[in-house]
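Counting from 1, the numbers follow the sequence of the chain as shown. It should be emphasised that the depicted structure is a prediction, and the values quoted were computed from it without experimental measurement.
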Amino acid sequence: MIILVMAQAILGAQMPIMFIVGGLAGSILAPNPCLATLPLSMIILGSTLTARPLSRLMQARGRQAGFLLAVTAGGIGAAVSAAGLWVGSFWLFLAGSVLTGVYMSSQGFYRFAATDTAPEDYAPRAISWVMAGGLAAAIIGPAIVRGTDGLTAVPFLATYMAVIGLNLVGPFLFAFLDIPKPPAPAADAAAPRPMFEIVKRPAIAVAMICGMVSYALMNLVMTSTPLAVVGCGFAPSDAANIVSAHVLAMFAPSFVTGHLIARFGAERIVGAGLVILALAGGVALSGVELGQFFLALMLLGIGWNFGYIGATAMLTRAHAPEERGRVQGMNDFFVFGGVFLASLSSGGLMNCAGGSVQAGWNAVNLAMLPFLVLAGGALIWLVMRPKEA
């Protein structure tokens with residue numbers, strides 16, 4: 001588990017980097033301001049398209065093979081994005097973003113890998129400890145942005161070169177990863193259940209809905225945050241500090257989230273996460289002062305932590321061990337698919353909804369409401385329905 005925590009801390013630092021500079025770099029290269037956050041959407045698209053194939057690879061070849069492939073794609077993606085910045089090509093920059101998405105997809109599997117060798121009653125805590133590695137990522141990523149800002153005449157070029165370096169650490173880390181491959185099914189084992197039959201189970205369906213909504217709404221707001229902060233007259237360094245505080249809030253609760261799930265149940269923790277996400281939207285709608293940005297993004301991070309880790313814990317206990325690869329891959333396909341749509345919508349809402357930065361920011365946060373109602377309603381339905389035999 002230590003290797004997974006280190007991977008989350010070091011390799012995971014590239015994700016806050018991307019969310020700080022991706023939209024800003026996009027606003028420089030994009031032919032239309034409505035497309036400024038498209039590079040971030042392409043990262044999510046890459047994650048969506050590769051979640052299921054990557055999960056199947058890990059099921060067949062083991063976690064190590066999948067994680068090594070992903071850091072290779074992440075390093076190549078950062079290099080292609082850097083080339084796009086160098087030559088001023090928005091489309092080349094987008095191509096690099098899609099490859100970066102392969103790495104992002106694999107990072108989502110760190111939490112599942114933590115449960116592979118953990119006792120069932122320890123699984124929520126194992127997930128939480130791996131996610132807690134994101135605290136270091138929250139410090140390392142923004143620090144790299146601040147340290148590389150202005151080093152080159154081409155904006156953000158040095159930042160993407162640093163991301164290449166982060167991915168080069170991956171092979172050294174994963175060389176020590178020791179998670180056995182899943183056992184092959186016995187010759188007389190029953191045929192696997194169809195995926196539709198698995199996914200339609202209430203516990204699995206609701207876990208997927210809550211995980212997708214928690215992650216998608218966090219991404220919807222975070223994607224637009226640097227644009228909103230800079231658009232309201234603050235400096236890019238302020239945007240980096242706000243995103244850093246947000247990522248810290250995403251992962252700091254992980255030290256206790258597993259304990260809270262064990263004590264109160266995953267469903268209650270997911271419900272608390274959805275309420276906190278709603279509070280984040282309310283604070284964001286209250287104004288655009290620096291303090292309001294900080295508070296809204298910190299609440300957004302805490303709500304994501306409770307909602308996403310809680311939903312992951314719900315999912316891991318709702319399927320059979322031999323269904324692990326298929327269910328986890330399908331889950332992350334839906335989760336990243338929702339995140340892709342949220343990210344794609346974020347730039348349009350921010351830059352093209354209303355005549356001012358504040359109007360766009362308000363549109364982004366109001367868009368959270370129907371999805372919170374959907375997830376909250378599904379969770380209440382699951383809790384209130386008769387328990388399965």
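Taking A78 as the reference, V163, I164 meet the side-chain contact (heavy atoms from CB on, under 4.5 Å) condition, with sequence neighbours excluded.
The closest side-chain heavy-atom distance from M314 to L382 is below 4.5 Å. The closest side-chain heavy-atom distance from M350 to V357 is below 4.5 Å. Within the 4.5 Å cutoff, side-chain heavy atoms of F251 are placed close to those of Q8. Looking at heavy atoms from C-beta onward, S244 lies out of side-chain contact with I139 at the 4.5 angstrom threshold. No side-chain heavy atom of F67 sits less than 4.5 Å from a side-chain heavy atom of L173. A heavy-atom distance below 4.5 Å is not found between the side chains of N241 and P142. Counting only heavy atoms from C-beta outward, the side chains of F156 and I28 approach each other to under 4.5 Å. M18 is listed as a side-chain neighbour of Y160, based on a closest heavy-atom distance under 4.5 Å.
Atom CZ of R268 has 12 or fewer heavy atoms from other residues, nucleotides or ligands within 6.0 Å.
Ring-plane geometry between F174 and Y110 is classed as tilted, the angle between the planes lying from 30 to 60 degrees on a 0 to 90 degree scale. In this pair, F293 and W361 present their aromatic rings tilted. The plane angle is within the 30 to 60° band.
V169 and I2 fall within the same hydrophobic cluster, defined by Ile, Leu, Val, Met, Phe, Trp and Tyr side-chain heavy atoms under 4.5 Å apart, directly or through other members. Cluster membership for I76 and V87, using ILVMFWY side-chain heavy atoms within less than 4.5 angstrom, is shared. Transitive grouping of hydrophobic side chains (ILVMFWY, heavy atoms separated by less than 4.5 Å) brings L49 and F340 into a common cluster. L341 and L366 fall into different hydrophobic clusters, where Ile, Leu, Val, Met, Phe, Trp and Tyr side chains are chained together by heavy-atom contacts under 4.5 Å. When hydrophobic clusters are built by joining Ile, Leu, Val, Met, Phe, Trp and Tyr residues whose side-chain heavy atoms come closer than 4.5 Å, directly or via intermediates, V283 is not grouped with L369.
Between I144 and A162, the shortest heavy-atom distance links the atoms CG2-CB, 3.7 Å. Shown here for M212 and F334, the closest heavy-atom pair between the two residues is SD-O, 3.2 Å. Between A311 and A207, the shortest heavy-atom distance links the atoms CB-O, 3.5 Å. Between V364 and L220, the shortest heavy-atom contact is O-CD2, 3.4 Å. Residues L277 and M368 approach most closely at O-CE, 3.3 Å, considering heavy atoms. Across all non-hydrogen atoms, the minimal contact from F306 to T257 is CE1-OG1, 3.8 Å.
Side chain of S106 to main chain of Y103: a donor-acceptor pair is present (N/O by atom type, distance under 3.5 Å, no hydrogens or angles). Side chain of S214 to main chain of W304: no donor-acceptor pair is present (N/O by atom type, distance under 3.5 Å, no hydrogens or angles). With S346 contributing its side chain and A342 its backbone, the two residues share no donor-acceptor pair below 3.5 Å. Here the side chain of Q14 pairs no donor or acceptor atom with the backbone of N167 at under 3.5 angstrom. Between the side chain of Q292 and the backbone N or O of V288, at least one donor-acceptor pair lies under 3.5 Å. S55 contributes no side-chain N or O that, together with a main-chain N or O of R52, makes up a donor-acceptor pair within less than 3.5 Å. No donor-acceptor pair closer than 3.5 Å links the side chain of T159 to the backbone N or O of V145. No donor-acceptor pair closer than 3.5 Å links the side chain of S105 to the backbone N or O of G101. Of the possible polar contacts, one joining the D238 side chain to the A235 backbone as a donor-acceptor pair under 3.5 Å is found. Listed for the S81 side chain is a donor-acceptor partner under 3.5 Å among the backbone atoms of G77.
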So F93 and W86, ring pair (Phe, Tyr, Trp, His ring centres under 6.0 Å) or not? Walk me through it. CA-CA 10 Å; F93 189 72; W86 179 261; over 10 Å; no

Decide yes or no on side-chain contact (heavy atoms from CB on, under 4.5 Å) for M15 and I43, but give the supporting numbers first. CA-CA 10 Å; M15 298 324 301; I43 292 176; 4.1 Å; yes

Carefully, step by step, assess V98 and M42 under the rule side-chain contact (heavy atoms from CB on, under 4.5 Å). CA-CA 5 Å; V98 173; M42 291 299 100; 3.8 Å; yes

Worked check of side-chain contact (heavy atoms from CB on, under 4.5 Å) between L85 and L29: CA-CA 8 Å; L85 288 168; L29 296 174; 3.8 Å; yes

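In this structure, F172 shares a hydrophobic cluster with no other residue, the cluster being traced through Ile, Leu, Val, Met, Phe, Trp and Tyr side chains under 4.5 angstrom apart.
Summarising the geometry, atom CD belonging to Q107 is positioned 11.0 Å from atom CG belonging to L4; distances are rounded to the nearest 0.5 Å. Between atom CD1 of residue I140 and atom CG of residue L135 there is a gap of 10.5 Å, rounded to the nearest 0.5 Å. Rounding to the nearest 0.5 Å places CG of N365 at 5.0 Å from CG of L285. For the atom pair CE (M218) and CG (L300), the distance works out to 7.0 Å, reported to the nearest 0.5 Å. Expressed to the nearest 0.5 Å, how far CG of L45 lies from CG of L38 amounts to 9.5 Å. Note that CE of M222 is 9.0 Å distant from CD1 of I20, once rounded to the nearest 0.5 Å.
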